[in-house]
Structures are given as structure tokens and as C-alpha cells.
Amino acid sequence: MYIHDLPKEAGILKTIDLVAFQMPQRRLKVNIAALGDVGTTMLTGLRLLGGDCLDRCGMYDINKANLERLEMEMNQIIYPDGSVRVPPVEIVTEETLFDCDVFIFCATKAVPPVSVGGDVRMAQYEANKGLVKHFACLARERKFSGLTCIVSDPVDPLCRVFLKEAAVPPGYVQGFGLGVMYGRALYYAEKNGIGERFKAEGRVYGPHGADLVVADSLKDYDDELSRQLTERVVTANLVVRDLGYKPYIAPALSSAALSILYALRGQWHYGSVWLGDEERGAFMGVRNRFISGHIEYEDPDLPDDLYRRICKAYLTLCTLS
């Protein structure tokens with residue numbers, strides 16, 4: 001069974017072709033909504049590593065003092081000999097937020113304090129859904145035709161909200177939450193002595209949350225080992241929270257900055273893409289790339305045990321709206 005078989009499990013017989021945002025043959029203008037911990041860390045990564053493909057990075061936030069501070073600090077991040085280009089950082093307004101090629105949504109209504117137990121990602125859904133609707137309506141009003149990258153939790157259902165409200169093609173929206181799950185899976189695989197095997201053959205699928213699926217290998221899949229890795233990856237954020245810290249550094253860099261740059265360069269990366277028709281379906285995390293005006297996702301023949309796990313995650317995502 002294959003990833004492309006998933007929509008059939010939900011009764012969807014004809015899926016939408018994922019026509020992608022057409023990348024201009026020039027450096028891209030990026031605008032970011034909300035510069036909290038995640039947005040600021042992501043911006044640092046974009047500034048340091050995005051000089052080849054980013055023209056400039058715009059910032060929008062309700063905290064004006066924070067924006068003024070970041071405009072100074074970010075533009076003072078340089079390479080010692082000045083030989084590497086870094087994109088300039090500037091402040092933008094809500095009125096000019098969609099005057100760009102790439103819009104990155106990092107806003108959140110409220111981040112649960114470290115004292116809150118359990119997986120807080122879905123607890124943020126109702127609060128963040130209203131924010132996504134607000135910016136999606138702005139995008140529709142401005143007739144925005146660029147790429148929207150959703151970074152805020154929970155990534156996958158928020159992508160669906162933006163898609164519905166902004167009335168854009170599905171290939172113009174992608175969620176960026178799965179990159180850190182791959183990073184965490186590799187971290188724990190290395191702890192278990194199977195790092196090189198996982199790096200060559202392992203994969204992650206599904207949402208940035210409880211229904212994540214880690215596969216230890218696509219060539220020689222071990223269901224028990226994969227489920228053990230999955231459990232450790234899904235609870236990794238709780239380990240950091242138990243230490244008294246919010247786990248935002250790795251997500252901001254692995255899921256957001258690095259994965260977004262790979263996407264813009266047409267390289268393979270982890271992200272959530274739409275699998276469905278005009279009305280039904282879900283954004284599902286898979287390894288994919290932008291190529292020849294389309295989104296291509298990795299679609300190998302999957303072991304039955306692995307396919308059933310991925311199918312369960314997909315069908316759960318289909319129920320969220």
C-alpha cells in the first residue's frame with residue numbers, strides 16, 4: 001500500500017493534483033507573523049542560512065518594542081569577514097503583511113506554561129484557529145498568491161483552516177512541524193545504536209503530535225522498535241517541559257527555518273501536504289519537495305503494519321475541522 005492510497009480509506013476517490021506555488025526565479029520576500037520564541041529563533045536561522053534564496057525577511061507583531069529590538073539585533077548578525085550574504089530584516093505592517101512571496105504564520109494565542117502537563121498542542125487548536133482565520137481572511141482580501149507556511153501548533157489542522165478561509169489552492173499551503181520529529185527520532189535512534197540505519201532508511205509520517213508515526217526502516221521495518229521510537233519522540237517535548245523549559249529551539253530550526261529553506265530550494269524536506277479532494281481530506285506530514293510547479297511526495301510501497309499506522313493517523317486528521 002502507498003501514501004496515495006490514503007484518501008481512498010476516507011472514501012475520497014479522486015484527489016486534487018498538488019499544483020504548487022510558482023517559485024520566482026529570484027530571491028524571495030518572506031514575511032513572518034508573530035515574533036515570539038519560535039518566530040525569533042526561526043528568523044535567526046533564516047538570517048544566517050537564507051542569503052542564497054531570500055531577498056529580505058519582514059516581521060509583523062503586535063509588540064512594537066520587540067519589533068524595533070529585533071530590527072536592530074537581527075541586522076547586526078553578520079559573518080566575520082562579510083563574505084556570506086545575509087538577508088536584511090525589516091518591520092512590516094498588517095496592511096503590507098501579504099506583500100511578499102512567502103508568508104510564515106508563527107502566531108499563537110497563548111503558549112501553555114511549562115507547569116501544564118500532557119500534550120499541549122491540540123489544547124492550542126481552538127485558540128489559534130481564530131488567529132489563522134484572521135490572517136487567512138487578510139490573505140484572501142489581498143488576493144495573496146504566494147506560499148503560506150504554517151508553523152504554529154497544531155500545524156496540520158491549522159493548515160486546513162487557512163486553506164478553507166483563504167480560498168487558495170491546496171499546494172499553496174504547507175505545514176512545517178514534522179522536521180523536528182525526524183530530528184528527535186534520529187536523536188533517539190542514535191541513543192539506541194541504530195542512528196546510521198535510521199538516517200538511511202527511517203522516516204516519520206503524520207502530525208506533529210500524538211498520532212505521529214516513526215518507521216525505523218522502510219527496507220526492514222520493525223513494528224515494535226518503531227512504536228518504541230514513536231513513543232519517545234512524541235513525549236520528547238514533555239521531557240524538556242519537566243526540566244522547566246519550553247521546547248521551542250529545535251522546532252523553530254528543524255521544523256521551520258531549515259525545512260522552509262529546503263522547500264524554497266526545491267529540496268526534499270518534511271512538511272504537511274493536502275491529501276484529498278476539494279472538500280474532504282487532511283494535511284498529512286510526509287517527505288516532499290517542490291518540483292516543476294508541483295508538490296511531489298515520497299510514495300514508497302509500505303509494509304502493511306506501517307501503512308495501517310499511517311492510515312489511522314490520516315483518518316484522525318480527516319475528522320478535524
Side-chain angles (χ1 to χ4, degrees), residues 20-78 85-109 127-152 155 158-159 161-176 252 256-257 259-261 263-265 271 290:
F21 159 65
Q22 303 298 304
M23 299 286 182
Q25 297 302 305
R26 54 171 171 76
R27 293 193 181 101
L28 304 174
K29 297 179 180 179
V30 171
N31 280 348
I32 303 164
L35 279 297
D37 291 334
V38 171
T40 298
T41 305
M42 178 193 69
L43 177 58
T44 304
L46 295 177
R47 166 83 174 175
L48 284 170
L49 302 171
D52 64 314
C53 62
L54 301 184
D55 176 60
R56 58 105 178 117
C57 297
M59 309 176 295
Y60 169 75
D61 195 278
I62 59 174
N63 186 333
K64 304 305 181 185
N66 185 44
L67 287 179
E68 292 179 13
R69 185 263 299 196
L70 289 174
E71 191 279 332
M72 291 187 287
E73 295 240 63
M74 289 293 170
N75 286 312
Q76 293 166 17
I77 298 175
I78 60 167
R85 181 187 179 276
V86 288
V89 174
E90 63 183 43
I91 298 171
V92 299
T93 65
E94 187 170 89
E95 289 69 32
T96 61
L97 186 56
F98 288 96
D99 294 343
C100 62
D101 304 299
V102 182
F103 169 65
I104 306 178
F105 178 84
C106 294
T108 185
K109 190 80 170 180
N128 289 344
K129 185 159 62 170
L131 286 173
V132 168
K133 287 183 177 181
H134 171 73
F135 287 106
C137 288
L138 286 178
R140 188 177 66 242
E141 291 171 5
R142 304 291 195 276
K143 295 180 171 56
F144 180 60
S145 59
L147 173 66
T148 294
C149 303
I150 303 293
V151 174
S152 301
V155 166
L158 289 182
C159 283
V161 172
F162 191 94
L163 176 69
K164 179 180 178 181
E165 298 296 330
V168 295
Y172 285 51
V173 181
Q174 188 160 148
F176 289 87
S259 294
I260 289 172
L261 287 174
L264 298 182
R265 293 171 183 143
F290 292 82

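- Taking the side-chain hydrogen bond (donor to acceptor under 3.5 Å, both in side chains) definition, one finds that S145 meets it with nothing, sequence neighbours left out.
- With sequence neighbours excluded, the residues that form a side-chain contact (heavy atoms from CB on, under 4.5 Å) with E71 are M59, N75, I91.
- Listed by first and then second residue, the salt bridge (charged side-chain N to carboxylate O under 4.0 Å, His left out) pairs involving residues 32-53 are D52-R265 (not counting sequence neighbours).
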Please list, one pair per line, the donor and acceptor atoms closer than 3.5 Å that link side chains of residues 164-175 to other protein atoms, with sequence neighbours excluded.
| residue | atom | partner | partner atom | Å |
| --- | --- | --- | --- | --- |
| Q174 | OE1 | H269 | NE2 | 2.8 |
| Q174 | OE1 | N288 | ND2 | 3.2 |
| Q174 | NE2 | N288 | OD1 | 3.4 |

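- Residues A34 and A107 share a closest heavy-atom pair of CB-CA, 3.3 Å.
- Checked against salt bridge (Lys or Arg N to Asp or Glu O under 4.0 Å), R56 has the following partners two or more places apart in sequence or in another chain: E90.
- Contact between L97 and A33 at its shortest, heavy atoms only, is CD2-CB, 4.4 Å.
- Heavy-atom minimum distance, V155 versus I150: CG1-O, 3.8 Å.
- T96 places a side-chain heavy atom less than 4.5 Å from the side chain of D99.
- Proximity of L43 to V89: side-chain heavy atoms (C-beta onward) are separated by under 4.5 Å at one or more points.
- In this structure, CZ in F103 is found 8.5 Å from CG in N31, a value given to the nearest 0.5 Å.
- Counting non-hydrogen atoms of other residues, nucleotides and ligands closer than 6.0 Å to NZ of K143 gives a total of 12 or fewer.
- Residues passing the side-chain hydrogen bond (donor to acceptor under 3.5 Å, both in side chains) test with E94, sequence neighbours excluded: Y60, H134.
- Here R85 pairs with R27, D55, P87, P88 under the side-chain contact (heavy atoms from CB on, under 4.5 Å) rule; sequence neighbours left out.
- Distance check: L158 CG to L163 CG gives 12.5 Å after rounding to the nearest 0.5 Å.
- Note: F176 CZ to M42 CE = 10.5 Å, rounded to the nearest 0.5 Å.
- Take D61 and apply the salt bridge (Lys or Arg N to Asp or Glu O under 4.0 Å) test, not counting sequence neighbours, and it matches no residue.
- Residues L147 and D101 fail the side-chain proximity criterion, which asks for heavy atoms closer than 4.5 Å.
- Within the 6.0 Å centre-distance limit, the rings of F135 and F105 are counted as a close aromatic pair.
- Panel note: side chain Q76, backbone M72; a donor-acceptor pair is recorded below 3.5 Å.
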Legend entry - side-chain contact (heavy atoms from CB on, under 4.5 Å) assessment of L261 paired with C53: CA-CA 8 Å; L261 287 174; C53 62; 3.7 Å; yes

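- Legend: residues meeting ring-ring contact (aromatic ring centres under 6.0 Å, His included) with F144, ordered by chain and number and at least two apart, are F98.
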Legend entry - Verdict with reasoning, I77 to V86, per side-chain contact (heavy atoms from CB on, under 4.5 Å): CA-CA 8 Å; I77 298 175; V86 288; 5.9 Å; no

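- For the atom pair CG of L264 and CE of M23, the computed distance is 5.0 Å after rounding to the nearest 0.5 Å.
- For the 3.5 Å distance criterion, the side chains of N128 and S152 fail to qualify, holding no donor opposite an acceptor.
- Here E95 pairs with T93, R142 under the side-chain contact (heavy atoms from CB on, under 4.5 Å) rule; sequence neighbours left out.
- Checked against side-chain contact (heavy atoms from CB on, under 4.5 Å), V30 has the following partners two or more places apart in sequence or in another chain: I32, L54, V102, I104.
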